Amino acid sequence: MKLASIDVGLKRIGVAICLTSNIVTPQTAILRKNRDQAAHDVNSFLKEWEIEKLIVGFPSASEEMQKRIKHFVSLLKLQIPYEFQEENMSSIEAEELIKGEIKYKRDGRVDSLAAKIILERYLAKK
């Protein structure tokens with residue numbers, strides 16, 4: 001099954017895919033200008049890669065972000081199943097992994113690495 005994960009942020013959406021076995025690859029993050037544009041870009045990404053299931057990073061600590069993420073997922077109008085996966089500390093873990101390698105954290109690489117961690121956690125549960 002072809003899987004994708006997203007790490008929804010206010011400025012960027014990190015994305016990662018798993019097309020075969022358990023190899024997860026981070027992709028170029030989606031820059032978020034507004035919700036509708038971001039939802040359109042995520043839908044295009046899912047179609048392009050023929051994704052069969054979406055895993056959405058979900059913070060257990062922040063109710064405000066939970067509401068925002070649920071609302072964003074509703075904008076996607078998905079034709080495929082999706083599941084929420086606890087994402088706590090995934091961005092911090094991603095930053096630790098690339099410490100010193102990236103000078104500018106605003107290019108989306110940290111966000112997509114966080115999405116990769118989220119998808120790996122989901123696969124580890126299965």
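Predicted model, so just to flag it, every value in this text is computed and none were measured. Just so it is clear, the values below take in all heavy atoms, side chains as well, and ignore hydrogens, waters and symmetry mates.
The number of heavy-atom neighbours closer than 6.0 Å to NZ of Lys125, taken from other residues, nucleotides and ligands shown, is above 12.
Here CD of Glu87 is found 13.0 Å from CD1 of Ile55. Values are rounded to the nearest 0.5 Å. Expressed to the nearest 0.5 Å, how far CD1 of Ile118 lies from OG of Ser5 amounts to 6.0 Å. With values rounded to the nearest 0.5 angstrom, Cys18 atom SG is found 9.0 Å from Glu120 atom CD. Distance check, rounded to the nearest 0.5 Å: CD1 of Ile23 to CG of Leu119 gives 12.0 Å. A distance of 10.5 Å separates OH of Tyr122 from CG of Leu54, quoted to the nearest 0.5 Å. The OG1 atom of Thr28 sits 11.5 Å away from the CG atom of Asp111 when rounded to the nearest 0.5 Å.
Side chains of Leu3 and Leu123 form a contact here, defined as non-hydrogen atoms less than 4.5 Å apart.
In the hydrophobic clustering of this structure, Val8 does not group with Val110; members are Ile, Leu, Val, Met, Phe, Trp, Tyr whose side-chain heavy atoms approach within less than 4.5 Å, directly or through other members. Note: the hydrophobic cluster containing Ile51 also contains Ile13 (ILVMFWY, side chain heavy atoms under 4.5 Å, direct or indirect links). The hydrophobic clustering, which links ILVMFWY residues whose side-chain heavy atoms are closer than 4.5 Å, places Leu31 and Leu75 apart.
Across all non-hydrogen atoms, the minimal contact from Ile30 to Gln37 is CG2-NE2, 4.4 Å. Across Arg32 and Arg35, no two heavy atoms sit closer than the pair NH2-CG, 3.1 Å. Between Ser112 and Pro26 the shortest heavy-atom distance is O-CB, 3.6 Å.
For Lys2, the salt bridge (Lys or Arg N to Asp or Glu O under 4.0 Å) partners two or more places apart in sequence, or in a different chain, are Glu50. Residues passing the salt bridge (Lys or Arg N to Asp or Glu O under 4.0 Å) test with Arg121 are Glu86, Glu93, sequence neighbours excluded.
With respect to the salt-bridge test (charged N to carboxylate O, under 4.0 angstrom), the residues Lys67 and Glu63 do not qualify.
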Before you tell me yes or no, could you show the steps for Ile69 and Val56 under side chain to side chain contact (heavy atoms under 4.5 Å, CB included), namely the whole-Å CA-CA distance, both residues' side-chain angles and the distance that decides it to 0.1 Å? CA-CA 8 Å; Ile69 289 169; Val56 181; 3.6 Å; yes
Would you please test Leu78 and Asn43 for side chain to side chain contact (heavy atoms under 4.5 Å, CB included) and show each step? CA-CA 8 Å; Leu78 293 170; Asn43 280 328; 4.1 Å; yes
Between Val24 and Lys116, is a side chain to side chain contact (heavy atoms under 4.5 Å, CB included) present by the stated rule, with each step listed? CA-CA 6 Å; Val24 180; Lys116 175 183 186 279; 3.6 Å; yes
Could you check Ile17 against Gln27 for side chain to side chain contact (heavy atoms under 4.5 Å, CB included), going step by step and ending with a plain yes or no? CA-CA 7 Å; Ile17 57 172; Gln27 301 296 302; 3.5 Å; yes
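Residue pairs that meet the ring-ring contact (aromatic ring centres under 6.0 Å, His included) test with at least one member in residues 51-99, sequence neighbours left out, are Phe58-Phe84, Tyr82-Phe84.
In terms of modelled atom types and a separation under 3.5 Å, the side chain of Asp7 and the main chain of Ala114 share no donor-acceptor contact.
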